[in-house]
K.L.:
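So that we are looking at the same thing, I have put the structure below in structure tokens.
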Protein chains: 2
Amino acid sequence: MYICLMYSKEIVKGTLKPIVLKLLKEHGRMYGYEITQNVKALTEGKIQITEGALYPLLHKLQAEGVLQTESEKMGKRVRKYYKLSQSGEAVADDLISEMLDFMQTLKSVLNPDYGQA
Amino acid sequence: MYICLMYSKEIVKGTLKPIVLKLLKEHGRMYGYEITQNVKALTEGKIQITEGALYPLLHKLQAEGVLQTESEKMGKRVRKYYKLSQSGEAVADDLISEMLDFMQTLKSVLNPDYGQA
DNA sequence: TACTATACATTGATTTCTTATGTATATTTG
DNA sequence: CAAATATACATAAGAAATCAATGTATAGTA
């Protein structure tokens with residue numbers, strides 16, 4: 001089995017959105033930093049989300065109406081929670097399903113012997 | 001199960017390189033158009049490679065020494081075959097392994113119940 | 001004759017992400 | 001207690017991958 005500490009950027013590219021939507025679907029609501037830490041823990045450090053990728057995505061999804069935000073004061077800091085909107089739930093379900101389906105197809109291309117077992 | 005005729009671009013993004021290297025590894029040598037048709041057939045039309053994505057990638061991989069080319073005259077046309085170089089074989093093996101490993105990880109994030117079964 | 005398939009290629013625009021930077025508070029450690 | 005690390009937000013310049021459109025040319029089919 002292939003071993004690596006962290007996947008190369010080119011491999012991870014394009015998967016940030018489904019990952020974020022899945023986490024929000026599971027957790028109800030999360031803040032940015034929490035998302036980065038959660039993905040890192042879930043994947044044993046193999047996937048590490050950078051802030052420069054995450055925040056623009058969260059803002060974009062919010063602008064599109066997929067996500068809603070709630071700001072809460074934690075002491076002197078303001079923490080910004082994100083959660084799926086009602087329409088966002090459907091967007092998340094669709095994207096996650098499509099991604100899982102696609103991975104099955106891709107697996108069958110990259111590994112024909114076991115892909116459709 | 002999720003059904004679709006063709007995956008959205010954002011889903012397929014980032015997977016072209018491993019797909020192309022895998023096909024070349026399997027077939028020995030292929031020309032551009034052959035690659036597009038092969039992927040389409042293999043995936044029942046769900047993944048369709050565009051020429052604007054494929055040719056720049058092939059040229060880049062050739063420039064990097066991953067691929068070698070052989071041009072052959074077919075009647076009046078010149079057909080350009082691509083195949084893995086010796087060092088390209090290792091590049092292909094590594095990338096394909098990493099991609100398969102990554103997909104296992106991603107699956108476990110998107111579908112925790114069945115991902116590590 | 002016109003349309004579709006084969007087969008190469010480029011180019012401008014878009015999207016996504018990286019790397020670097022900036023600000024500020026909170027906690028831990030030497 | 002000072003320094004370093006962790007928490008937590010954010011932006012901005014640039015790189016990279018890809019798309020959509022376009023271009024050229026031959027071959028086959030309706």
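Numbered from 1 within each chain, the chains take letters A, B, ... in sequence-line order. Only this structure's heavy atoms are used, side chains among them; waters, hydrogens and symmetry mates stay out.
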K.L.:
Only counting residues at least two apart or in another chain, list the ones meeting salt bridge (charged side-chain N to carboxylate O under 4.0 Å, His left out) with B/K13.
P.N.:
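Here no residue qualifies.
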K.L.:
Taking only residues two or more places apart in sequence or in another chain, which ones pass salt bridge (charged side-chain N to carboxylate O under 4.0 Å, His left out) with A/R79?
P.N.:
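A/R79: no salt bridge (charged side-chain N to carboxylate O under 4.0 Å, His left out) contacts found.
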K.L.:
Over 60° means perpendicular and under 30° means parallel, so classify the ring planes of B/H59 and B/Y82, tilted if in between.
P.N.:
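Tilted.
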K.L.:
For nucleotides 4-18 of chain C, read 5' to 3', which letter fits each nucleotide if B means a protein heavy atom sits under 4.0 Å from the base, S means only the sugar-phosphate is that close, and - means neither?
P.N.:
-SBSBBB-----SSB
K.L.:
Going by heavy atoms in the side chains, are A/T15 and A/M99 under 4.5 Å from each other?
P.N.:
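A side-chain contact under 4.5 Å exists here.
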K.L.:
So does A/Q86 get a backbone contact from the side chain of A/E89, meaning a donor-acceptor N/O pair under 3.5 Å?
P.N.:
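No; judged by distance alone, with no hydrogens or angles, the pair does not exist.
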